[in-house]
Amino acid sequence: MERLVGVNYLGPVQLLLRLLPAMRAAGAGRIVNVSTAALGLPAARWSSYLGSKAAFYAWLRCAATELLADGIR
C-alpha cells in the first residue's frame with residue numbers, strides 16, 4: 001500500500017509542486033494526467049491501486065481550479 005501511494009499519489013504531487021513555480025513564472029502551463037478507466041469500476045483485489053490513483057485524481061481536480069488563475073490548465 002505504501003509503495004502504491006508513493007508511486008501513484010505522492011510522487012506525482014511532489015513532482016507537480018516542484019514544477020508549478022516555473023509554470024507560474026511563465027504565466028502558463030499544461031498538466032496532463034493519464035490515469036485508469038478502472039476508477040469507475042470497483043474491483044476485488046485492486047483497492048490499494050485504485051485508491052492511490054483516485055487520491056491523485058481528486059487532488060489534481062481540486063488543484064486545477066486553483067491553478068486556472070495562474071494560466072495553468
Would you say that more than 12 heavy atoms from the other residues, nucleotides or ligands in this model lie under 6.0 Å from the OH of Y57, or not?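 For Y57, atom OH is not crowded (no more than 12 foreign heavy atoms under 6.0 Å).
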[atom1]-[atom2] distance between [X] and [Y], expressed to the nearest 0.5 angstrom:
X	Y	atom1	atom2	result
R3	S48	CZ	OG	11.5 Å
Q14	L19	CD	CG	12.0 Å
D70	R24	CG	CZ	4.5 Å
T36	K53	OG1	NZ	7.0 Å
E66	L20	CD	CG	10.0 Å
L15	L10	CG	CG	12.5 Å

Measure across [X] and [Y] and return the closest heavy-atom pair with its distance rounded to 0.1 Å.
X	Y	result
L50	L39	O-CD2, 3.5 Å
M23	R30	CE-O, 4.1 Å
G6	P12	O-CD, 4.4 Å

Are [X] and [Y] linked, directly or through other ILVMFWY residues, by side chains that come within less than 4.5 angstrom of each other?
X	Y	result
L17	L60	yes
V5	L16	yes
M1	W59	yes
L4	V13	no

Taking the inter-plane angle between the rings of W46 and Y49 on a 0 to 90° scale, is it parallel (under 30°), tilted (30 to 60°) or perpendicular (over 60°)?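 Geometry flag for Y49 against W46: perpendicular rings.
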Considering only heavy atoms from C-beta outward, does the side chain of R73 approach that of L67 to under 4.5 Å?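 No; the side chains remain at least 4.5 Å from each other.
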